[in-house]
Amino acid sequence: MLEKTIEKDFIDDGKIWDLLEDSKNPEPAEVKEIFAKSRAKARLEPEETAKLLQIEDPDLLEEMFALAREIKEDVYGNRIVFFAPLYIGNKCTNNCLYCGFRRDNRAIERKTLTMDELQEEVNVLVNKGHKRLILVYGEHPDYDADFIAETIRVVYDTKAGNGEIRRVNINAAPMDVEGFKKLHEVGIGTFQIFQETYHHETYAKLHPKGTLKSNYQWRLYALDRAMEAGIDDVGIGALFGLYDWKFEVMGLLYHTIHLENTFGGVGPHTISFPRLEPALNTPFIGKAKYRVSDDDFKKLVAIIRLSVPYTGMILTAREKPELRKEVIPLGVSQIDAGSRIGIGGYKKSEMDHIPEREQFQLGDVRSLDEVMREVCKLGCIPSFCTACYRAGRTGDHFMSFAKPGFVHNYCMPNAVLTFKEYLIDYASEETRMAGEKAIEEQLKVFEQQNPKKRQMVEDKLHLIEEGHRD
Ligand code: SAM
Ligand code: SF4
C-alpha cells in the first residue's frame with residue numbers, strides 16, 4: 001500500500017491557507033457559537049477551528065482558555081495520567097534536519113539496548129512507580145517489527161518488587177500492515193507517529209530525498225495501516241516549530257477527521273504537540289523561523305482541546321516546569337515525568353552519570369516524585385490506571401466509554417486508588433503528605449456526588465493500606 005505516491009492526499013495545503021485567510025477577524029457572535037458547540041463536546045469542523053485560530057480579541061481569548069479548562073475537567077476529570085519514555089536505540093538511516101539522531105550526526109555514540117539492558121532500565125522505572133512506558137526507536141533495519149515485538153514482550157515480562165509495566169506504547173517508524181500485526185499480537189498499547197509537519201513542501205525540505213522518511217504519504221497513512229492491522233489506539237502529532245503553527249493545528253484536525261471517516265467514527269486516541277528543541281548538529285534548529293512562542297503554544301493547546309474534546313492530549317517533558325504548570329489545565333490528559341532520553345539513561349542517572357548527548361534537550365528533568373507532588377498542588381490527581389486497556393476498552397469501545405459519567409464514576413476513583421498505591425510504595429515523605437491531602441479533597445468531591453461512592457473508594461483505600469494491590 002502506498003509504495004507509490006498517490007496524486008492527492010487528505011491534506012490540501014492551499015485549502016488550509018484559504019480557510020485561515022477567510023477566517024481572519026472572526027465575528028464574536030460566530031465565535032460564541034463555536035464555543036457552544038465545543039461546550040456540547042462535538043468535534044469541530046475545519047472552518048470552525050480556523051476561526052478559533054484567528055481570534056485576537058483578548059476577551060474572547062480569555063473565554064476560550066476558560067472553556068478549555070472546563071472541557072478538560074468535564075471529559076477527563078482532574079486526573080493526569082503519567083508515563084515515561086524509554087529510548088531503545090538511536091541508530092537511524094534518516095537525516096531529518098532537526099533531530100540529533102540523524103544519520104550525519106557523527107558526534108553521538110550509536111547504541112541499541114540489549115534485552116538485559118532493557119530489563120535493567122525497566123527495573124529502574126518500575127521501582128520509581130511507573131506503570132506505562134512509551135518505547136522510542138530510530139529508523140533502522142535493526143529495529144524491524146520482530147525486534148520491536150521482542151522489546152514489548154521483554155518489558156511486559158519484567159517484574160520488579162511490587163510492580164510491573166502494564167501498558168507499552170510505541171513511537172517508531174511507519175510499518176506495513178504485517179509489521180503492525182506483529183505488534184498487535186504482543187499487546188501493544190498505542191502506536192504513535194508524528195507527521196512532523198503536514199505542509200508538503202516543508203516536509204520535503206526537512207526529510208532529504210533518498211531516505212525512508214522522505215515519503216510523506218507512507219507516513220501520513222501509516223496509522224491507517226496500524227488500525228487495519230487491529231491496533232485500536234493510535235497517536236498523531238506534529239512537531240511544532242517546523243512550519244506555521246496554525247497550519248499544523250489544521251493538519252492535526254484533518255488527520256483526525258480522516259481517521260474518523262475511515263474507521264467508523266474512531267479518531268486518534270491521543271494528539272501530541274511537541275515543540276522543536278535544540279539538538280546537537282542539527283542544521284535546521286538555528287534558523288527555525290517558525291518557533292512557537294509560549295503564548296501561541298498555550299493557544300494551540302486550548303484550540304486542540306476545543307476542536308477534539310474527547311481525544312487524549314500529551315504534554316512532554318520537552319517543556320519547562322513553569323510552562324507545564326500553566327498548560328496542563330488547558331486540556332492535557334497525559335504527561336511524562338522523571339524522563340531520560342539517553343540510551344540506557346535511567347540506569348546511568350541512578351549512578352549519577354552525566355547524561356550523554358541525546359536526541360534533543362529536555363526542559364523538565366525533575367523526578368517523577370517531584371512532578372507528582374506539583375500536580376497534586378495544582379488540584380489534580382495523578383493516575384497510573386491502565387484498567388481500560390486491560391479490560392479491552394480501546395478504540396471504539398474507549399470512545400463510547402470516554403463520556404463524562406464514565407470518567408467521573410470510574411476513572412476518577414481508579415486514579416485515586418492507583419495514586420494511593422504509589423504513595424505507599426514509592427513516594428517521598430513530602431509527596432505522600434501532599435498526596436494524602438489531595439486524596440482527602442477528592443473524597444469530599446465524591447461525597448458531594450454520592451456518599452456511597454465515597455464509601456466505596458474509602459473501603460478500597462483501606463484494603464490498599466492493608467497491603468492489597470490491584
Ligand atoms: N524515528 C521515529 C520517527 O522519526 O518517527 C520515532 C522516534 S523519533 C526519535 C520521535 C520524535 O521525536 C519525532 O517524531 C520528532 O517529532 C521528535 N523530535 C525529533 N527531533 C526533535 C527535536 N529537535 N526537538 C523535539 N522533538 C524532536
Ligand atoms: Fe531518525 Fe526519527 Fe530522528 Fe528522523 S526523527 S532522524 S527518523 S530518529
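Numbering of ligands and ligand atoms starts at 1, following listing order. Remember, predicted model here, so these are calculated numbers, not experimental data. Numbering of residues begins at 1 and proceeds along the displayed sequence.
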Worksheet item: Is the Y254 to F10 ring centre distance short of 6.0 Å?
Response: no
Discussion item. Taking the ring of Y98 and the ring of H207, is the distance between their centroids below 6.0 Å?
Written reply: yes
Worksheet item: Can you list the ligand 1 atoms lying under 4.0 Å from a non-hydrogen atom of K213?
Response: 3 (C), 4 (O)
Practice prompt. Specify side chain, backbone, both or neither for C99, according to which of its non-hydrogen atoms lie closer than 4.0 Å to ligand 1.
Written response: both
Discussion item. In terms of relative ring orientation, are H199 and F247 parallel, tilted or perpendicular, with 30° and 60° separating the classes?
Written reply: perpendicular
Worksheet, complete the sentence: Under 4.0 Å from one or more heavy atoms of R275, ligand 1 contributes atoms 25 (C)
Discussion item. So that I can tick it off, tell me whether E228 and R225 are bridged by a salt bridge, with the cut-off set at under 4.0 angstrom between side-chain N and carboxylate O.
Written reply: no
Worksheet item: Among H207, E277, R219, R318, which one has a heavy atom closest to atom 26 (N) of ligand 1?
Response: R318
Discussion item. Which of the numbered atoms in ligand 2 are under 4.0 angstrom from any heavy atom belonging to G138?
Written reply: 8 (S)
Worksheet item: Relative to the heavy atoms of R102, which atoms of ligand 2 are at a distance of less than 4.0 Å?
Response: 6 (S)
Worksheet, complete the sentence: One finds that the ligand 2 atoms under 4.0 Å from a non-hydrogen atom of C96 are 4 (Fe), 5 (S), 6 (S), 7 (S)
Worksheet item: N/O/S of C99 less than 2.8 Å from atom 4 (Fe) of ligand 2?
Response: no
Worksheet item: Got a sec, which pairs hit salt bridge (Lys or Arg N to Asp or Glu O under 4.0 Å) with one end in residues 122-135, sequence neighbours left out?
Response: K128-E350
Practice prompt. With heavy atoms under 4.0 Å as the rule, classify the contact between N171 and ligand 1 as side chain, backbone, both or neither.
Written response: both
Worksheet item: Just checking, R291 and W245: is the charged tip under 6.0 Å from the six-membered ring centre and within 45° of the axis?
Response: no
Worksheet item: Under 4.0 Å from any heavy atom of F101, which atoms of ligand 2 are there?
Response: 3 (Fe), 8 (S)
Discussion item. Run H200 and Y216 through ring pair (Phe, Tyr, Trp, His ring centres under 6.0 Å) and show every step you take.
Written reply: CA-CA 7 Å; H200 289 80; Y216 176 103; 4.0 Å; yes
Worksheet item: Checking ring pair (Phe, Tyr, Trp, His ring centres under 6.0 Å) against F384, which of F83, Y422, Y426 comes through?
Response: Y422
Worksheet entry | Shortest heavy-atom approach to atom 2 (C) of ligand 1 - which of Y98, Y137, Y143 | Y137
Worksheet item: Which of the atoms of ligand 1 are close to V136, meaning less than 4.0 Å from one of its heavy atoms?
Response: 7 (C), 9 (C)
Worksheet item: Which salt bridge (Lys or Arg N to Asp or Glu O under 4.0 Å) pairs, counting each pair once, include a residue from residues 275-284, with sequence neighbours left out?
Response: R275-D294, R275-E319
Practice prompt. Using a strict cut-off of 4.0 Å, indicate which atoms of ligand 1 neighbour a heavy atom of G138.
Written response: 1 (N)
Item to complete: Would you check if the side chain of D364 reaches a backbone N or O of R318 as a donor-acceptor pair within less than 3.5 Å?
Response: no
Item to complete: Enumerate the atoms of ligand 2 whose separation from the nearest heavy atom of C92 is less than 4.0 angstrom.
Response: 1 (Fe), 6 (S), 7 (S), 8 (S)
Discussion item. Applying a heavy-atom cut-off of 4.0 Å, say which part of R103 lies close to ligand 2: side chain, backbone, both or neither.
Written reply: neither
Fill in: Where ligand 2 meets K213 - atom numbers and elements under 4.0 angstrom, heavy-atom basis
2 (Fe), 4 (Fe), 5 (S), 7 (S)
